[in-house]
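Structure, as C-alpha cells:
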2 protein chains.
Amino acid sequence: MTKNKTTEQKIFDAATELFLEKGVDRTSVREIATKADINLALMNYYFRSKENLFDAIFSQLVKKNTRKLIKILDSDLGLEEKVRQYVVVYIDMLSENPLLVSFVMSILHRSRERITEMKAISSLYSTDTFAQQIIEEGKKGNIRRTDPTQFYVDMLSLIAFPFAIKLLVMDKRGFTEEEFAEFIQERKERVPEMLIDSLKLR
Amino acid sequence: MTKNKTTEQKIFDAATELFLEKGVDRTSVREIATKADINLALMNYYFRSKENLFDAIFSQLVKKNTRKLIKILDSDLGLEEKVRQYVVVYIDMLSENPLLVSFVMSILHRSRERITEMKAISSLYSTDTFAQQIIEEGKKGNIRRTDPTQFYVDMLSLIAFPFAIKLLVMDKRGFTEEEFAEFIQERKERVPEMLIDSLKLR
DNA sequence: TTGCGTTTTAAACATAGTTTAAAATAATGC
DNA sequence: GCATTATTTTAAACTATGTTTAAAACGCAA
C-alpha cells in the first residue's frame, strides 16, 4: 500500500530527503536514483536537470512554510502583536526544520543572477500591508517614522542569521545542541522586544 | 618585472580572483590553471586539493579583514563607542568587499562538520574582553544585564545578514546598486542605535 | 492485434577533480 | 665538473559527476 507512488513522486521524495540530509551539492543524481529505486536517466526525464529538481523541491518547501508567515503580515493585527507573532512563528519554524536555513543559504550562494527568476521567491512577498502599516503608524505619531524595508531587514536578520551561524556559535561557546536550542528559544522574547523598542518614540 | 611570482603564488592569485569573481563552485581547476598559466596538475602538487586551496585563500582573506575588528573589540573603549566603531568598520568592510559575504556564506553551507577545523575560524575569536565588559557594565547597573552571546549574535546578524540577502532586497524593492549601497549606509547609524538602545536600562 | 505515444533502460558523453609516472629542471655531494 | 639526488613540471589517464541518446519495454486505443 505504501508503494503506489508515481515515479516522479519517488524521485521528488528521495531527493528531498537527501537534499535536506546532506545538502544539494553532496547529493549525487545516482544516489537519488538508488534511493528512489529508479533508473538514473529518469531524473532528467521528469525534471530537466538536477538544478530544476532542486527548484521544484525548494518551491514546495518554501510555499509550505511561508504561508503562515505571510498570513500574519497581512492580517489586521496591531503592529506590536504582529511583530511578536511573526518572530515567534518564524523562529519556531526554523527550529523545527533547521535544514531550511542552510537550504536557503545555498540558494543565495547559488545562481546569483538567476535568483530573481526563482518561482519560489515570489511567495516570499506579502501584499505589503505590513509596510503600509509601519508608514501609517509613523504618520500618526504612534511610532517613530521608520523605513519599512530597514525594519523588515532588521527583523529577518535577527530571526534567521543566528541559524546560519549556528556551528560558529556552538563552537565558540561550547554549546551542545540542547544549549543552542535554548539559546534560540530565548530569542523569541529578546528579538520582538528589541524590534518593538526600535519603533518606540523617544 | 611583474612576473617573478612563484608558481604557488600564481595559482593562489589566479584562484583568488576567480573564486571572488564567480564563486568557488563555478570555478574549475582547469580554468585556474589556464589563468595562472601553469599545468593542471600543479594545483594538486602545491595545494593538496581544490578544497585546500580554498581554505588557504579564505584564511588569508579573513585574517586580512578581521584584524581591525578584533582590535576594536579588545580595545579599552567604552561599550557604546566600541559598538559604534565595530558596526561602522564592519559594514564598511563588507561594502568594499561584498564578495566576502557570499564567500563566507559558502563556507557555512559547505563542509558542515569540518567548519570548526578551519584554521581561519580561530581568527574570528577575540580575547573576550568584549563579553567581560558587557557583564561588568551589567553588574554595575550601567546597562541592562545582557547575555554577551545574545548581544554579539544580534550585532553580527544586523551587520552581515543584509549583505547575504542583498539580491532579494534589491529585487523586492526594485533597488539599483547605488540605492542598495545607500540602504546599507543608513544602517551605519541605524544598527548601532538599535544595539545601544537594547542595552539601556528601562 | 496492430500501431503509437509514453516510460524505462543501458550505454555513452562531457566535464569535473584527482592521480600517476615519466620527463625536465634544480640542487647537492664528491 | 660530473654524477647523483631531490624537486618541479608535464601529458595522460582515472574516477565521479550531470546529462544525453537511442533503443527497448510498456500501455492502451483503434
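Chain A is the first sequence line, chain B the second, and so forth, proteins listed ahead of strands; every chain is numbered from 1.
By the ring-ring contact (aromatic ring centres under 6.0 Å, His included) test, A:F12 pairs with no residue at all, sequence neighbours left out. With sequence neighbours left out, the salt bridge (charged side-chain N to carboxylate O under 4.0 Å, His left out) criterion links B:D147 to no other residue.
Sequence order on DNA chain C of the closest nucleotides to B:R48 and A:T7 puts A:T7 first from the 5' end. Positionally, the nearest nucleotide of DNA chain D for A:E31 lies more toward the 5' end than for the other of A:E31 and A:N44.
Rounded to whole angstrom, the span from the CG atom of B:N39 across to the P atom of C:dT19 amounts to 15 Å. To the nearest angstrom, P of C:dT8 lies 12 Å from CG of A:D37. Between B:N52 atom CG and C:dT19 atom C1' the separation is 16 Å, expressed in whole Å. Residue B:I32 contributes atom CD1, which lies 18 Å from atom P of C:dT15 at whole-angstrom precision. In this structure, the OH atom of B:Y45 is 11 Å from the C1' atom of C:dA26, given to the nearest Å. If you measure from atom NZ of A:K10 to atom C1' of C:dT8, you get 11 Å, rounded to the nearest angstrom. Here C:dT8 presents its P atom at 14 Å from CE of A:M43, a figure rounded to the nearest Å. To the nearest angstrom, C1' of C:dG17 lies 7 Å from CZ of B:R30.
Looking at heavy-atom distances under 4.0 Å, B:F47 makes no contact with the nucleic acid at all.
Residue pairs that meet the side chain to side chain donor-acceptor pair (under 3.5 Å) test with at least one member in residues 30-39 of chain B, sequence neighbours left out, are B:E17-B:K35, B:K22-B:E31.
Extent of DNA chain D lying under 4.0 Å from chain A heavy atoms, first and last nucleotide in 5' to 3' order, is D:dT17 to D:dT21.
Side-chain atoms of B:E81 and B:Q85 include a donor-acceptor pair closer than 3.5 Å.
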With a cut-off of 3.5 Å and sequence neighbours excluded, list every side-chain donor-acceptor pair involving residues 194-201 of chain A.
from	atom 1	to	atom 2	distance (Å)
A:D197	OD2	B:R202	NH1	2.1
A:D197	OD2	B:R202	NH2	3.2
A:S198	OG	A:L195	O	2.7

Can I get a per-line list of side-chain donor-acceptor pairs under 3.5 Å for residues 154-163 of chain A, giving both atom names and the distance, sequence neighbours left out?
from	atom 1	to	atom 2	distance (Å)
A:D154	OD1	B:R187	NH1	2.9
A:D154	OD1	B:R187	NH2	2.7
A:D154	OD2	B:R190	NE	2.7
A:D154	OD2	B:R190	NH2	2.7
A:S157	OG	A:V153	O	2.6

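Between A:Y152 and A:Y86, the ring planes lie tilted relative to each other; the angle falls in the 30° to 60° range.
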